[in-house]
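Okay, so here's the structure we're looking at.
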Amino acid sequence: MPNTKNALVRQQVIDSLLKTERGYSTQELADACNHKLDILGLPRVTALNTIRDDIRAIESSYHTLVEEVKIGRNKRYLCGFVGQSRTKT
């Protein structure tokens, strides 16, 4: 199965999480994506760089800002426009 189908699913999951005020780490985003991909029977995300690339794709495709907040050694991501979705569901 082409990886582009997985990318769309991952971007939809990431979008739904980033529009909350909580902020998520790369690992938390990957876990949420893997949960959804498991439900759909698609291959899991193994590299965290894939999630970072999806975040960059969301930023460039939908002309939005995804903030990267550094807390200690960890980075958390959240959308600059809380409550607004950028992908179609």
Side-chain angles (χ1 to χ4, degrees):
M1 180 167 291
N3 204 18
T4 55
K5 287 188 178 183
N6 295 352
L8 180 59
V9 172
R10 289 191 315 264
Q11 288 178 7
Q12 288 175 344
V13 170
I14 292 169
D15 175 56
S16 67
L17 293 175
L18 291 181
K19 64 184 177 181
T20 66
E21 294 181 20
R22 179 180 180 270
Y24 289 87
S25 69
T26 310
Q27 185 61 53
E28 290 171 329
L29 293 172
D31 292 342
C33 289
N34 284 335
H35 177 72
K36 180 69 171 186
L37 291 170
D38 285 343
I39 291 171
L40 298 175
L42 299 172
R44 295 171 62 96
V45 175
T46 56
L48 295 180
N49 281 336
T50 303
I51 299 299
R52 291 183 195 105
D53 290 342
D54 288 339
I55 291 171
R56 284 187 215 108
I58 289 171
E59 284 181 315
S60 65
S61 298
Y62 302 105
H63 307 291
T64 188
L65 173 68
V66 177
E67 296 180 40
E68 184 178 285
V69 180
K70 191 167 184 177
I71 301 173
R73 294 175 52 184
N74 300 319
K75 294 179 184 175
R76 299 186 79 72
Y77 297 93
L78 56 118
C79 180
F81 303 101
V82 174
Q84 294 181 346
S85 177
R86 292 152 313 281
T87 58
K88 294 180 182 176
T89 54

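Atom set for the values below is all heavy atoms of this structure, side chains included, hydrogens, waters and symmetry mates excluded.
Results of the side chain to side chain contact (heavy atoms under 4.5 Å, CB included) test with Cys79 over Asp15, Thr64, Ile14, Leu65 single out Thr64 as the only residue that passes. With Arg10 as the fixed residue, the side chain to side chain contact (heavy atoms under 4.5 Å, CB included) test singles out one of Leu8, Asn6, Val13: Asn6.
The line from CD of Glu67 to CG of Leu78 is 5.0 Å long, rounded to the nearest 0.5 Å. Thr26 contributes atom OG1, which lies 11.0 Å from atom CG of Asp31 (distance to the nearest 0.5 angstrom).
In plain terms, the two heavy atoms of Tyr77 and Leu18 that are nearest each other are O-CD2, 3.3 Å. A pairwise comparison of heavy atoms in Val45 and Cys33 identifies CG2-CB, 4.5 Å as the closest pair.
Looking at heavy atoms from C-beta onward, Leu29 lies out of side-chain contact with Asp54 at the 4.5 angstrom threshold.
Among residues two or more places apart in sequence or in another chain, the side chain to side chain donor-acceptor pair (under 3.5 Å) test is passed with Asn34 by none. Not counting sequence neighbours, Asn74 has no partner by the side chain to side chain donor-acceptor pair (under 3.5 Å) test. Partners of Glu28 according to the salt bridge (Lys or Arg N to Asp or Glu O under 4.0 Å) rule, which considers only residues two or more places apart in sequence or in another chain, are Arg22, Arg76. Legend: residues meeting side chain to side chain donor-acceptor pair (under 3.5 Å) with Glu59, ordered by chain and number and at least two apart, are absent. For Lys75, the salt bridge (Lys or Arg N to Asp or Glu O under 4.0 Å) partners two or more places apart in sequence, or in a different chain, are Glu68.
Pairs of residues two or more places apart, or lying in two chains, that qualify as side-chain hydrogen bond (donor to acceptor under 3.5 Å, both in side chains) and include a residue from residues 35-45 are Asp38-Arg44.
In this structure, Ser60 contributes its side chain and Ala57 its backbone to a donor-acceptor pair below 3.5 Å.
Hydrophobic clustering, with ILVMFWY side chains joined whenever heavy atoms are under 4.5 angstrom apart, keeps Leu48 apart from Ile71.
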